[in-house]
Amino acid sequence: MPNPRPGKPGEIVMESGASISAWMHERQHALDDMNSGWKGFRNMANINKYIEFESKAYDLEIDFAQKCGYDDIVKRLRKLKQEAIDQITEGDV
């Protein structure tokens, strides 16, 4: 969750029992926010940056699932990635 105040780190909020790849995904978001100077929600205002960050986080999960041989999860993650990108581009986030 990005901090509503720019310049401050947010926090990672996860459901109990979240997968390792979900933790990797959210960690990537935190790293991207940190590398952008803790812009938080301001990163989301730039659609291209938002898509870049979301794609990078999903690609990390997809790569992990591929290396583990979980083809069914790879397929599901690719679908979720596209749905996330569609929501961003349609302004439904």
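Numbering of residues begins at 1 and proceeds along the displayed sequence.
Cluster annotation: Ile20 is not connected to Met14 through the hydrophobic network of ILVMFWY side chains, with a link wherever side-chain heavy atoms come within less than 4.5 Å. Met44 and Met34 sit in two unconnected hydrophobic clusters of ILVMFWY residues. Membership requires side-chain heavy atoms under 4.5 Å apart, directly or through other members. Met24 and Ile12 fall into different hydrophobic clusters, where Ile, Leu, Val, Met, Phe, Trp and Tyr residues are linked whenever their side-chain heavy atoms come under 4.5 Å apart, directly or through other members.
Taking every heavy atom of both residues into account, Gly40 and Pro2 meet most closely at CA-CB, 3.6 Å. The shortest heavy-atom contact between Ala84 and Tyr58 is CB-CE1, 3.9 Å. Across all non-hydrogen atoms, the minimal contact from Asn3 to Pro9 is ND2-O, 3.2 Å.
Environment of OH in Tyr70: sparse, with no more than 12 heavy atoms of neighbouring residues, nucleotides or ligands closer than 6.0 Å. Within 6.0 Å of atom NZ in Lys75, 12 or fewer heavy atoms from other residues, nucleotides or ligands are found, so the atom counts as exposed in its surroundings.
Between the OG1 atom of Thr89 and the CD1 atom of Ile47 there is a distance of 7.5 Å, given to the nearest 0.5 Å. Atoms CD and CD, on Glu61 and Glu26 in that order, are 8.0 Å from each other to the nearest 0.5 Å. Taking OG of Ser36 as the start and NZ of Lys49 as the end, the distance is 7.5 Å to the nearest 0.5 Å. For the atom pair CG (Asn48) and CZ (Phe53), the distance works out to 11.5 Å, reported to the nearest 0.5 Å. Rounded to the nearest 0.5 Å, atoms NE2 (His25) and NE2 (His29) are 3.0 Å apart. For the atom pair CD1 of Ile73 and SG of Cys68, the computed distance is 8.5 Å after rounding to the nearest 0.5 Å.
With respect to the salt-bridge test (charged N to carboxylate O, under 4.0 angstrom), the residues Asp63 and Lys67 qualify.
Counting heavy atoms from C-beta outward, Trp38 and Lys8 have side chains that stay 4.5 Å or more apart. Considering only heavy atoms from C-beta on, Ile85 comes within 4.5 Å of Ser55 through its side chain. Using a 4.5 Å cut-off on side-chain heavy atoms (C-beta onward), Lys81 and Leu77 make no contact.
Of the N and O atoms on the side chains of Asp86 and Gln82, at least one donor lies less than 3.5 Å from an acceptor on the other residue.
In this structure, Asp33 contributes its side chain and Lys39 its backbone to a donor-acceptor pair below 3.5 Å.
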